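Report on the structure given below.
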Amino acid sequence: MSTETINTEDLGEKIVKVLKTIFDPEIPVDIYELGLIYDVFVNEDNEVKILMTLTTPNCPVAETLPLEVEDKVKSLKMVKDAEVEITFDPPWTQDLMSDEAKLELGML
């Protein structure tokens, strides 16, 4: 059995670990806990599509953050390709933050 074979659920967990290493430069919390990641899709060919948002449409990292997400996910050797799609529907609100993020920011 090949060690290269990995199921999409395991790969999804590895992708989430990578996403938790990416921080919004204005907020000391990773983008996953901030609730900026709406969905992660992995197909049978290990191609990844990430649906995410930004804290505001005018976010200063609107150009660089999606590229950073793509590059870091592509760096996983199991990932064949990665694409990030930005959406503002629904718009991000503080309600999307995890309890961990709210605690870190003194909101709990």
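As the structure is a prediction and not an experimental result, all values here were calculated from the model. This chain uses plain numbering: 1 for the first residue, then up along the sequence.
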query = Within a reach of under 6.0 Å around CD of E13, are more than 12 heavy atoms found that belong to other residues, nucleotides or ligands?
reply =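 Correct, the count exceeds 12.
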Between [Y] and [X], is there a side-chain heavy-atom distance shorter than 4.5 Å?
X	Y	value
V79	N46	no
I86	M52	yes
M107	M97	yes
L36	L19	no

Which pair of non-hydrogen atoms, one from [X] and one from [Y], has the smallest distance, and what is that distance?
X	Y	value
T53	G35	CG2-O, 4.5 Å
P66	V61	CD-O, 3.7 Å
V48	V42	CG2-CG2, 4.2 Å
V18	V73	CG1-N, 4.1 Å

[atom1]-[atom2] distance between [X] and [Y], expressed to the nearest 0.5 angstrom:
X	Y	atom1	atom2	answer
L67	K74	CG	NZ	9.0 Å
I31	T55	CD1	OG1	11.5 Å
E47	D81	CD	CG	6.0 Å

task = In sequence, state the C-alpha distance, the side-chain angles, and the governing distance for F88 and L54, and then conclude on side chain to side chain contact (heavy atoms under 4.5 Å, CB included).
result = CA-CA 8 Å; F88 293 101; L54 302 169; 4.0 Å; yes
inquiry  = Tell me which pairs pass salt bridge (Lys or Arg N to Asp or Glu O under 4.0 Å) where either residue lies in residues 85-105, with sequence neighbours left out.
reply    =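 Sorted pair list: K49-E85.
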task = Just grab all the side chain to side chain donor-acceptor pair (under 3.5 Å) pairs involving residues 26-42, residues at least two apart or on different chains.
result =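 Output for this query lists K20-E33, E33-S98.
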task = Following the transitive rule for hydrophobic clusters with a side-chain heavy-atom cut-off under 4.5 Å over Ile, Leu, Val, Met, Phe, Trp and Tyr, establish whether I50 and L96 coincide in one cluster.
result =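 Yes; L96 is reachable from I50 via cluster members.
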ask   = Which residues, ordered by chain and number, are linked to L103 in its hydrophobic cluster, where ILVMFWY side chains connect at heavy-atom gaps below 4.5 Å, directly or through other members?
value =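 For the cluster that includes L103, the remaining residues are L108.
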message = Using the rule side chain to side chain contact (heavy atoms under 4.5 Å, CB included), only one of L51, L65, I37, V69 pairs with V84; which is it?
response =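 Of the listed options, the one satisfying the test is V69.
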